[in-house]
Amino acid sequence: IELLNTYTFLNDYNLAAQVLYAHRQQTNLLVMEVLLKRSETSTEPVTIQLESSFKPQSDDIVFQSAPDYKGGRHVFGQTVSSEVPGGIRPFVHLIWTPITSTLTLSPDQSQSSWVFLVAVAGSDESVRLCYETGLGLIDTGDLRPSHLRSWAELWKGSSIEVEGAESLNRALIGCMFYLLSSFPSLREEANAPVEFGGVSPGGLSNGSKEEDYHGHVFWDQDTWMYPSVALFYPRLARAALEYRAGTIEGARANAQQVGYKGLKFAWESAVMGRDVCPEDIYAEQELHINGDVVLAFQQYFYLTQDLEMFREGRGNEVVWGVADYWVSRVTWDPTEQQYHIKGVIPPDEYYFTVDNSVFTNAVAQRSLQFAVELSGLLGHTPPPAWQDVADKIKIPFDPELKYHPEFDGYTQGETGVKQADVVLLGYPLAMSMTPEVRRNDLEAYEAVTDPLGPAMTWGMFALGWFELGDAERAQKLLQKCFRNIQKPFQVWSESADGSGCVNFLTGMGGFLQAVLFGYTGFRVQKEHLAFAPLLPQEVDALSVKGVSYLGNEMDWLIKSVEVSVSVRKPAEEESGSQAPSALQVSVTFPQQPGQIRKVNSGSYCWPV
């Protein structure tokens, strides 16, 4: 549960422990605790030395000192530059407990502990309040207990465990831990001064110059990290969508800057939503980000039926703004009688300025279709062009080889691929195709995908083979992901050789989806949650607890021959308390595909 827990034996008689963690509930606090414990035979004072290399210096912020506050050092500064010329330059305030040079356990003490805090916020008032809160929790002895309770509450909402494959089990728990660490608290604190800033590939990133992308928000959030969290935590899923809705003005300015209508979400986004990618070509051409954002909104709606997010939460502006962008961005080809999207970078970033990236066009088509659907739900009359472009946009397909070329002019087998691209048509886009075409896509691109490419790739290939019923081939591909996991803390590197972003949440998100949506066959559809369980031989059983669907929570136990599902209502909906959820109904049936639907006669979800 702690971010890091390191124990060091001083000698044969005494023990020192150092614990560091980002507080789960008080999200503006970083904590270090030091414990000294004496053995029964020791009677001498025990002294340890502390070394700190911390200096309040930054290339990005010019800090200046402020008066000490309640024993803590206080510095503040304003960022040197803004995201865009004339934009805001946020302030950063830090108050921290000074590090003493030594700590001593006196002869009359068997053990003692010391706590050091760092509070970080955007204003003087906020940082003082956060620091005071930390001091108050220390006084009541509730600093770490409140952190642990918050984690315990969060873990009660989700569980993914396998039987028979311990290394896989550790990897799954580690992935979920690091993902959840980058999302906000489930409880809204009255003194929480900072809005959620989205999820970046490096999480709580320390990316320096040339590594800024570690802390920026990409499609990684919406396509790779979001789906697994959304399946368990609607509130956290909504937080990710609210981040996107909060960058609408920036997205509109991005579109206007290049001469198009609607919204163009940033390839690399930060606070305002203006593109902060240091290389213009990526900002200009990685257009699939727009469809990726809308897909996350669509998945959320299908999981929750929460129209308020679209009426009051600006979700409608996001979906319809992206639709307007696609209509203004396409060009009509009179020869093919289709709409084209020219000059893009596909998810496979080995190629630039290509026409009709199959994934880009397909995700644009899906977002246009959802814009029309949402219009009907909200009583809005959609422009006819939305449906027209959706119906007539080009989706490259080779009828002779029966596979999808990655873009116009792509030659099968002759050129390498960086990462999952065409294989994403099957999942998450759920494009209709025959099993033969799905297999051909998987085989064609598996053979040419860079073995040192980004970590999330092989999980998507594995998902495809699970769809086709080949669990053992899927599992072999999933095993490739373990090359990106660094022991002992299950930290992921972006590439298999250890290079790139660390700790790579994007790879974790892809790995989680491969198991969570691969082993179960879960697919979030318009009117149901589909399932098609299939386990590889090395896995005896899969337990998935806390799946949230249409206001119900479900626990699944999948074995080789049967599936058990329990359905319950969340406790807060039943009684307004935090008591454990009451079990309502359960069923066991042979392992086979099916659907979860809400029946008309009541509020229950049930397999059919």
Side-chain angles (χ1 to χ4, degrees), residues 1-8 10 14-38 45-58 60-79 90-151 185 187 189-194 204 206:
I1 289 178
E2 288 90 9
L3 182 63
L4 178 64
N5 196 338
T6 304
Y7 291 90
T8 304
L10 294 176
N14 304 304
L15 175 74
Q18 182 187 35
V19 179
L20 299 100
Y21 54 94
H23 202 283
R24 177 69 222 181
Q25 187 175 18
Q26 305 297 331
T27 53
N28 293 71
L29 289 180
L30 301 173
V31 184
M32 180 180 78
E33 300 179 13
V34 178
L35 170 70
L36 289 180
K37 187 175 182 179
R38 176 192 305 281
V46 179
T47 299
I48 61 171
Q49 293 184 340
L50 300 182
E51 296 182 0
S52 173
S53 59
F54 171 71
K55 295 180 181 179
Q57 297 176 351
S58 169
D60 303 308
I61 303 169
V62 178
F63 282 111
Q64 55 185 302
S65 297
D68 289 358
Y69 184 71
K70 295 194 174 183
R73 299 285 187 265
H74 183 185
V75 298
F76 70 98
Q78 192 173 19
T79 52
F91 280 91
V92 178
H93 287 252
L94 295 97
I95 300 179
W96 72 95
T97 310
I99 301 293
T100 57
S101 59
T102 60
L103 298 175
T104 299
L105 187 67
S106 62
D108 61 335
Q109 293 179 304
S110 61
Q111 67 179 42
S112 188
S113 62
W114 293 261
V115 180
F116 302 86
L117 297 177
V118 179
V120 185
S123 70
D124 180 82
E125 179 182 2
S126 294
V127 76
R128 289 179 180 225
L129 180 59
C130 293
Y131 193 71
E132 279 185 23
T133 299
L135 294 177
L137 290 170
I138 293 174
D139 290 343
T140 60
D142 200 34
L143 183 64
R144 203 197 306 188
S146 62
H147 168 72
L148 298 177
R149 285 197 305 274
S150 186
W151 264 112
S185 172
R187 297 175 178 270
E189 299 299 319
N191 62 345
V194 178
L204 298 174
N206 62 349

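Every value quoted in this text rests on a predicted model; they were computed, and no experiment measured them.
- Listed here is the closest heavy atom pair of G141 and P145: O-CG, 3.4 Å.
- Side-chain atoms of S185 never come within 3.5 Å of backbone atoms of Q25 as a donor-acceptor pair (strictly under, hydrogens ignored).
- With hydrogens and angles disregarded, a donor-acceptor distance shorter than 3.5 Å links the side chain of H147 to the backbone of R24.
- When side chains are defined from C-beta on, L50 counts as touching F116, because their heavy atoms get closer than 4.5 Å.
- Here the shortest heavy-atom pairing between V92 and L94 reads CG1-CD1, 3.9 Å.
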Item to check | Trace of the side chain to side chain contact (heavy atoms under 4.5 Å, CB included) decision for L137 with D142 | outcome: CA-CA 5 Å; L137 290 170; D142 200 34; 4.1 Å; yes
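- Pairs engaging residues 109-122 under the side chain to side chain donor-acceptor pair (under 3.5 Å) rule: S106-Q109 [sequence neighbours left out].
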Item to check | side chain to side chain contact (heavy atoms under 4.5 Å, CB included) assessment of F91 paired with V127 | outcome: CA-CA 11 Å; F91 280 91; V127 76; over 6 Å; no
Item to check | Derivation of the side chain to side chain contact (heavy atoms under 4.5 Å, CB included) call for R73 and D68 | outcome: CA-CA 5 Å; R73 299 285 187 265; D68 289 358; 2.9 Å; yes
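- Residues L117 and V31 meet the side-chain proximity criterion, which asks for heavy atoms closer than 4.5 Å.
- In this structure, T104 and T47 have side chains that are in contact, with non-hydrogen atoms separated by less than 4.5 Å.
- Contact between P98 and G71 at its shortest, heavy atoms only, is CD-O, 3.3 Å.
- Checking H23 against S150 by side-chain atom types alone, no donor-acceptor pair falls below 3.5 Å.
- The closest side-chain heavy-atom distance from D124 to H74 is below 4.5 Å.
- The CZ atom of R38 sits 12.5 Å away from the CG atom of L15 when rounded to the nearest 0.5 Å.
- Between L135 and Y131 the shortest side-chain heavy-atom distance falls below 4.5 Å.
- In this structure, CE in M32 is found 4.0 Å from CD1 in I99, a value given to the nearest 0.5 Å.
- Smallest separation of non-hydrogen atoms from P56 and F63: O-CD1, 3.5 Å.
- The backbone N or O of V120 lies less than 3.5 Å from a partner atom in the side chain of N28, making a donor-acceptor pair.
- G134 approaches L29 most closely through the heavy-atom pair CA-CD1, 3.7 Å.
- In this structure, R144 CZ and R149 CZ are separated by 13.5 Å, a value rounded to the nearest 0.5 Å.
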